[in-house]
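Below: the structure, in structure tokens.
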Protein chains: 2
Amino acid sequence: MFDKIIAHVKRFVPLSPKEEEILCSYLKIEEYAKKKHLLEEGEMCTGKYFVNSGVVRMYTLNEKGVEQVIHFAIEGWWITDYFTFNTNMPAKCGIQAVEPTQIIVIDAAEQEELLKELPQMERYFRLVLEKAYAASLMRTHYMFNFSAEERYRHFSEHYPEFVQRVPQYLVASYLGFTPEFLSMLRAKKG
Amino acid sequence: MFDKIIAHVKRFVPLSPKEEEILCSYLKIEEYAKKKHLLEEGEMCTGKYFVNSGVVRMYTLNEKGVEQVIHFAIEGWWITDYFTFNTNMPAKCGIQAVEPTQIIVIDAAEQEELLKELPQMERYFRLVLEKAYAASLMRTHYMFNFSAEERYRHFSEHYPEFVQRVPQYLVASYLGFTPEFLSMLRAKKG
DNA sequence: CAAAAAACTTAAAGCAGTTTAAGAAAACAC
DNA sequence: GTGTTTTCTTAAACTGCTTTAAGTTTTTTG
């Protein structure tokens, strides 16, 4: 049930069988159908989500109410609204299942207890965040330094399963252009 | 000498006078003149940098050799190339002083020892990274959802000292447009 | 303080990507 | 399995920002 997340944690910090049990006692599994929300704009963000299977997207709304995809997470990725997680403010973004998705949740309120019981989880989350932050800066780099076409070619080369699993209009939004333009790119070649 | 960083750490985790001393024993001060590099592309990233005073920028190079500002850091911000910090790979980005800058460095090699001596620093860095990551996603949000003009107006309203201290062509690069266009915006109004 | 370098401005021509609108195809629900 | 909704396509008109190029101002340096 929790093997994937246990394996993930063990890639970063050691965990005895007993400690594995402790960790598991803090985990909850949740199932989300396609298009169901893990978090809706304006709600309180009550947990950290580990994608056990499936795909989710994080998005923000602009003034016209258009949804902009900020981030995808697939199996093995953590996702949460860190912006409001620590502040008890209502979320400014939504998190939604793109396909049927199984999520492992660590509740915000219980996280502190877990970190006291298993201090190495503090290190685990630090290391995971270092990777996520680096990836976010790399995304910024790609957005600035490559044209829409280059971004699309790069993305479909490096994450072909994504292009399969995720509707094109969400890929377009993530890459920062319109679905119509993506359609044009596809017509042109590949 | 290290009051600013001590105060910063204490905003997130407790630190006894003795522990303060331990922390300080791991810190080094470095001075950088304007335009000097903390890190150059291709070098190994050997530390984490806390800006004690001054401003630095992180940038990447595109294929044409044009520098793109990915990130600024002022007093009280940490900056490092997390992408290569943990991997011992040569850096893909540069970090440069924008004005005369005082940096507090934690050496990569010594960081592990520090974290063993002061486990709460693990928590400190996690919390700092959560903020940095949230800010990076927020930047992505602004890039996607606002026009170049809106981004400039928002930036100069919220970070007026920045617009004073940082050359315009760097602000333009950070906001994702050309210096010529920024000039045009300024001519138009304010 | 004079010379050189760095930073900023202006304006015209150009284009990458958007907008709009309407139709086709695929996925979903009953 | 048929009706409805969602997703994808095509194409023409449009626009926000870039490119280019030349000139001006400011800052740096010996």
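Below, chain A is the first sequence line, B the second, and so on; all start at residue 1. The shown structure was predicted, so the numbers you read here are calculated from the model rather than taken from an experiment.
- Aromatic pair A/H8/A/F12: ring centres closer than 6.0 Å.
- The distance between atom NZ of A/K35 and atom P of C/dA27, rounded to the nearest whole Å, is 13 Å.
- Donor-acceptor pairing under 3.5 Å is lacking for the side chains of A/K36 and A/Q96.
- B/L170 has its CG atom 13 Å from the P atom of C/dA6, to the nearest Å.
- With a heavy-atom cut-off of 4.0 Å to chain B, the contacted part of DNA chain D has its first and last nucleotide at D/dC17 to D/dT28.
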Show each protein N/O and nucleotides 28-30 of chain C N/O combination with a separation under 3.5 Å, one pair to a line.
{"residue": "C/dC28", "atom": "OP1", "partner": "A/K34", "partner atom": "NZ", "Å": "3.0"}

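- Interatomic distance, SG of B/C45 versus NZ of B/K92, reported as 13.0 Å (0.5 Å rounding).
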Walk me through it: do A/E122 and A/R126 pass the test salt bridge (Lys or Arg N to Asp or Glu O under 4.0 Å)? CA-CA 6 Å; A/E122 200 81 72; A/R126 173 178 67 84; over 6 Å; no

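- Rounded to an integer number of Å, the gap from B/Y169 OH to C/dT9 C1' is 16 Å.
- For the pair A/R139 and A/F144, the cation-pi criterion (under 6.0 Å, within 45° of the ring axis) is not fulfilled.
- Atom NZ of residue A/K4 and atom CG of residue A/N52 lie 5.0 Å apart, to the nearest 0.5 angstrom.
- A donor-acceptor pair shorter than 3.5 Å can be found between the side chains of B/N145 and A/T60.
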Could you write out each protein N or O paired with an N or O of nucleotides 11-17 of chain C at a distance under 3.5 Å?
{"residue": "C/dG17", "atom": "OP1", "partner": "A/A148", "partner atom": "N", "Å": "2.8"}

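- With ring centers used as reference points, B/F125 lies under 6.0 Å from B/W78.
- The line from CG of B/L27 to CE of B/M1 is 9.0 Å long, rounded to the nearest 0.5 Å.
- A side-chain donor-acceptor contact under 3.5 Å links A/E117 and A/Y26.
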